[in-house]
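Let me begin by presenting the structure, written as C-alpha cells, before commenting on it.
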Amino acid sequence: MRNSFILCIPFLISNSLHAGVVMSDGSDVVVNLKGPMEIKTSDGNYSAKLGGGIQWDYNYAEHNGVADEDDFSLRRARLYLSGNVNDWSYKVQFNIGNNIGGTQEDLYIRYNGWGKQAVVTVGNQKEPFGLEQLESSKDISYLERSAVSEAYAPGRNEGVLFTGQRGSITYALGVFENNGASDGIAVTSRMTYAPIMSVDHVLHLGMAYSNRDEDIDITGFEVAYAKGPYHIQTEFISSEEDNESRKGLYVQAGWIVTGESRPYKSGVFKRVKPGNSSGAWEVVVRYEDGDGAYSDEELGSTDATSYGVGVNYYLNKFIRIGATFTDAKDNLNGDDGSEFRTRIQIAL
C-alpha cells in the first residue's frame, strides 16, 4: 500500500502543476510555469518569482576603417528573485554577463500599502531619469541605448525613492548615493504625462532632473508617440558641470511590420509581444547628435553624429533575435566609427 502511494506521488504533482493550483493548509497556492517560475497564494498576499535572461551578442566594430572588435560575448546574463509579503515587495537581481564577474543590480525592498499613488522603495535601484534608461535592456527596440543616455542618464544606485501614478501622470523623487563622487549625494526626479493613452495609441511627454554632489546638474526632456504599429521617441539631455555645458539628443523610429503595437505602462514602453505563432518583425532607425558615449562605435566620449538601422524578430514573448548597424563621425576630429551587432535574447 505504501509503495503504491509513493508511485502515485509524481502523478499527483504533475496534475497539480498542470492545473496551476496546489492545495495547502491555508490559502490555495498557485504555481505558474509559463515563463518565470512563480508561486503565490490565491489571495495574492504572498508570492515568489524566479526568472532571468541571457543576451548573447556578436559585434564587429571599426575605427577609421580598421577593425577594433570582432567577437562573440555574453552581453548580459541575469538571474532575479522577486515577490511580495502582504504590502511589502522585494527584488534581488544579479548580472554575470559582459565579463563583469557578477554584480548586484536590483536589490531593494518596496512598500506598496498606500496604493499606486505613493510607493516607497529602499535599496539599490534605477534612478528615475530618462525614458530609454528606465526601459529594460530586454525591451528597447535598438540593441544598445543611445550615446547620450549612456553618457549622462544616471543608472542604478543605492537610495530611497518615492514614486506614484495618478491616471496618466507618473512622478518620482529620490535621494541616492552618487557613485561618481566621494561621499556625494544625488537628488533625482522625473514626471511624465500621457495625454493620449490607449492600447494602440500613446502620446508621452516627460521631464527629468538630477543634481549630483551639488555641482552637476542633468536635465532631460522626453517625447514619444505610438499609433498602431508605428512608434517614435526622442530625448534631449544636457549636463552642466563647473560652468561647462554638454548636450546631446537622439531620435528613434520604428515600424512593427506584422501589425502589433508597442506596449506602454507606467511611463515607459515594454517589449513587443507577437500577435500569433508566426512571431513579430520590427524595423527601427535612429539618429544621434551631440555629446555622448560613442564607445560602441569606437569613438569614445566625444561630440559626434551617428545614423543607425536595425531589425528585430520576436519569436514569442520570451525570445528575440536582432541586428543593428550604426555609423558615426566625430564632430571634433573627423574620425569615423561603426558597429554591426547581432543578438539572441531569452528573457523570462
Side-chain angles (χ1 to χ4, degrees), residues 36 38 40 43-45 47 49 51 80 82-91 93 105-141 145 149 153-176 186-211 218-227 231-235 237 261-273 317:
E38 183 178 21
K40 63 181 180 180
D43 57 15
N45 287 335
S47 72
K49 180 189 293 185
Y80 73 83
S82 64
N84 75 284
V85 178
N86 294 316
D87 291 332
W88 297 85
S89 60
Y90 61 89
K91 187 176 182 181
Q93 177 173 290
E105 291 188 333
D106 294 324
L107 188 60
Y108 59 73
I109 296 174
R110 174 175 292 163
Y111 181 68
N112 308 282
W114 297 317
K116 287 185 177 182
Q117 66 272 14
V119 177
V120 178
T121 307
V122 180
N124 204 66
Q125 58 193 300
K126 281 187 176 182
E127 295 188 31
F129 193 103
L131 174 62
E132 188 180 40
Q133 180 68 18
L134 291 175
E135 292 171 350
S136 172
S137 61
K138 64 180 181 291
D139 296 342
I140 56 178
S141 293
R145 292 185 175 93
S149 293
R156 289 178 171 90
N157 282 304
E158 293 183 352
V160 180
L161 176 65
F162 172 84
T163 59
Q165 181 173 359
R166 295 184 67 88
S168 58
I169 298 175
T170 73
Y171 42 89
L173 175 65
V175 179
F176 302 88
V187 178
T188 305
S189 61
R190 179 178 185 250
M191 177 173 285
T192 71
Y193 173 51
I196 302 174
M197 187 172 64
S198 64
V199 175
D200 61 354
H201 194 189
V202 174
L203 174 61
H204 165 98
L205 307 172
M207 180 179 179
Y209 171 77
S210 182
N211 176 263
I218 307 173
T219 306
F221 298 93
E222 317 161 12
V223 179
Y225 182 73
K227 186 173 184 180
H231 56 86
I232 184 170
Q233 67 185 63
T234 181
E235 292 187 71
I237 301 177
S261 298
R262 198 174 178 208
Y264 177 85
K265 182 180 179 182
S266 302
V268 296
F269 287 94
K270 299 294 185 178
R271 193 182 337 159
V272 174
K273 296 181 179 180
K317 63 181 180 179

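We count residues from 1, following the sequence as given. Keep in mind that what you see is a predicted model, and the values were worked out from it rather than measured.
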Gap between atom [atom2] of [Y] and atom [atom1] of [X] - 0.5 Å precision:
{"X": "N86", "Y": "Y111", "atom1": "CG", "atom2": "OH", "value": "10.0 Å"}
{"X": "K270", "Y": "E135", "atom1": "NZ", "atom2": "CD", "value": "8.5 Å"}
{"X": "S210", "Y": "R190", "atom1": "OG", "atom2": "CZ", "value": "13.5 Å"}
{"X": "Y90", "Y": "L107", "atom1": "OH", "atom2": "CG", "value": "12.5 Å"}
{"X": "N124", "Y": "K91", "atom1": "CG", "atom2": "NZ", "value": "11.5 Å"}
{"X": "N157", "Y": "K126", "atom1": "CG", "atom2": "NZ", "value": "12.5 Å"}

Residues forming a salt bridge (charged side-chain N to carboxylate O under 4.0 Å, His left out) with R271, sequence neighbours excluded: D139
Residues which pass salt bridge (charged side-chain N to carboxylate O under 4.0 Å, His left out) with R110, listed by chain and number, not counting sequence neighbours: none
Quick check: do [X] and [Y] have side-chain heavy atoms less than 4.5 Å from each other?
{"X": "Y171", "Y": "Q117", "result": "yes"}
{"X": "N211", "Y": "Y209", "result": "yes"}
{"X": "F162", "Y": "V160", "result": "no"}
{"X": "H201", "Y": "S261", "result": "no"}
{"X": "L173", "Y": "V187", "result": "yes"}
{"X": "F176", "Y": "L161", "result": "yes"}
{"X": "Y80", "Y": "D106", "result": "no"}
{"X": "T234", "Y": "I232", "result": "no"}

Restricting to non-hydrogen atoms, name the atom on [X] and the atom on [Y] that form the minimum distance, rounded to 0.1 Å.
{"X": "Q133", "Y": "S149", "result": "OE1-O, 4.2 Å"}
{"X": "H231", "Y": "A226", "result": "CB-CB, 3.9 Å"}
{"X": "T163", "Y": "A172", "result": "CG2-CB, 3.7 Å"}
{"X": "N45", "Y": "N84", "result": "O-ND2, 3.2 Å"}
{"X": "P154", "Y": "E127", "result": "CB-OE1, 3.6 Å"}

Side chain to side chain contact (heavy atoms under 4.5 Å, CB included) evaluation trace for Y225 with V223: CA-CA 7 Å; Y225 182 73; V223 179; over 6 Å; no
Donor-acceptor pair between T170 and S266 side chains, under 3.5 angstrom: no
Residue I109 excluded, over 12 heavy atoms near CD1 under 6.0 Å: no
K40, NZ: over 12 other non-hydrogen atoms inside 6.0 angstrom: no
Candidate pair Q233 and R262, rule side-chain hydrogen bond (donor to acceptor under 3.5 Å, both in side chains), full reasoning: CA-CA 12 Å; Q233 67 185 63; R262 198 174 178 208; 3.0 Å; yes
Partner set under ring-ring contact (aromatic ring centres under 6.0 Å, His included) for H204, not counting sequence neighbours: Y264
Please confirm whether the backbone N or O of [Y] pairs with a side-chain atom of [X], one donor and one acceptor, at under 3.5 Å?
{"X": "E38", "Y": "S47", "result": "no"}
{"X": "D87", "Y": "N112", "result": "no"}
{"X": "E235", "Y": "E132", "result": "yes"}

F129 vs E222, side chain to side chain contact (heavy atoms under 4.5 Å, CB included): CA-CA, chis, key distance, verdict: CA-CA 10 Å; F129 193 103; E222 317 161 12; over 6 Å; no
